[in-house]
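Only this structure's heavy atoms are used, side chains among them; waters, hydrogens and symmetry mates stay out.
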Amino acid sequence: MQVKLDMVAPSGLEPGKRVSLLEVAEGATVNDLIQVALGTFGARAKEMLLQPDGKTPYVTFVVNGVQVSLDYVLNPDDTVTVFPPIGGGY
């Protein structure tokens with residue numbers, strides 16, 4: 001099944017594209033989607049989605065407008081929006 005992976009910032013996983021269409025198996029979870037993204041986009045996905053340990057996401061996942069956990073089961077045509085951590089200021 002196909003899902004949309006929408007990277008809010010700084011940019012998408014594909015050059016010039018904020019949204020990527022990824023194919024995942026029926027019953028796939030957000031964690032499975034991360035693995036597909038890593039297999040498809042390699043180091044760029046690892047850098048944008050995971051902490052330096054290479055295992056723990058540091059981003060927030062929102063599916064169709066609702067924040068979800070890594071074990072959330074995806075449905076066909078879901079839009080998974082990825083929000084990076086927000087920081088800065090004094």
Side-chain angles (χ1 to χ4, degrees):
M1 71 180 176
Q2 199 171 61
V3 296
K4 294 176 187 169
L5 184 62
D6 182 2
M7 303 291 293
V8 171
S11 63
L13 294 174
E14 296 178 80
K17 288 186 172 181
R18 188 176 117 175
V19 177
S20 298
L21 297 177
L22 294 174
E23 194 70 33
V24 296
E26 293 287 328
T29 64
V30 171
N31 196 49
D32 295 327
L33 178 64
I34 293 169
Q35 298 309 309
V36 169
L38 292 172
T40 303
F41 302 109
R44 182 159 175 85
K46 186 175 180 181
E47 176 185 326
M48 294 179 75
L49 299 174
L50 301 176
Q51 293 184 27
D53 68 7
K55 298 176 185 175
T56 310
Y58 77 97
V59 295
T60 299
F61 294 93
V62 174
V63 177
N64 303 326
V66 177
Q67 186 175 344
V68 298
S69 66
L70 295 177
D71 61 352
Y72 177 85
V73 177
L74 298 167
N75 296 296
D77 299 319
D78 275 348
T79 297
V80 180
T81 306
V82 178
F83 290 93
I86 298 173
Y90 293 93

message: As an exercise, state the distance from NZ of Lys46 to NZ of Lys55, rounded to the nearest 0.5 Å.
response: 10.0 Å

message: Please tell me whether Tyr58 and Phe41 are part of a single hydrophobic cluster in this structure, the criterion being side-chain heavy atoms less than 4.5 Å apart.
response: yes

message: Taking Val19 as the starting point, is it possible to reach Val36 by hopping between hydrophobic residues whose side chains are less than 4.5 Å apart?
response: no

- prompt: Between Ser20 and Leu13, which heavy-atom pair has the shortest distance, and what is it?
  reply: OG-CB, 4.4 Å

task: Hey, could you give me the OH/CG distance between Tyr72 and Leu33, rounded to the nearest 0.5 Å?
output: 12.0 Å

- request: Could you tell me the separation between the CZ atom of Arg44 and the CD atom of Glu14, rounded to the nearest 0.5 Å?
  value: 10.0 Å

Using a 3.5 Å cut-off and no angle test, enumerate the donor-acceptor pairs between side-chain atoms of residues 63-71 and protein atoms at least two apart in sequence or in another chain.
residue : atom : partner : partner atom : Å
Asn64   : OD1  : Thr79   : N            : 3.0
Asn64   : ND2  : Asp78   : OD1          : 2.8
Ser69   : OG   : Asp71   : OD1          : 2.2

statement: For Ala37 and Leu49 the tightest heavy-atom approach is CB-CD1, 4.1 Å

task: Could I get the full list of salt bridge (Lys or Arg N to Asp or Glu O under 4.0 Å) partners for Arg18, not counting sequence neighbours?
output: Asp6

- line: Phe83 meets the side-chain contact (heavy atoms from CB on, under 4.5 Å) criterion, sequence neighbours left out, with Val8, Thr60, Val62, Thr81

Gap separating the CG atom of Asn31 from the CZ atom of Phe61, nearest 0.5 angstrom: 8.5 Å

- prompt: Are any of the side-chain heavy atoms of Val80 and Leu22 separated by less than 4.5 Å?
  reply: no

- line: Correct closest heavy-atom pair for Ile34 and Pro57 would be CD1-CG, 3.9 Å

message: How about CD on Glu47, more than 12 heavy atoms from neighbouring residues, nucleotides or ligands closer than 6.0 Å, or not?
response: no

- request: State the CG-CE distance between Asp77 and Met1, to the nearest 0.5 angstrom.
  value: 9.5 Å

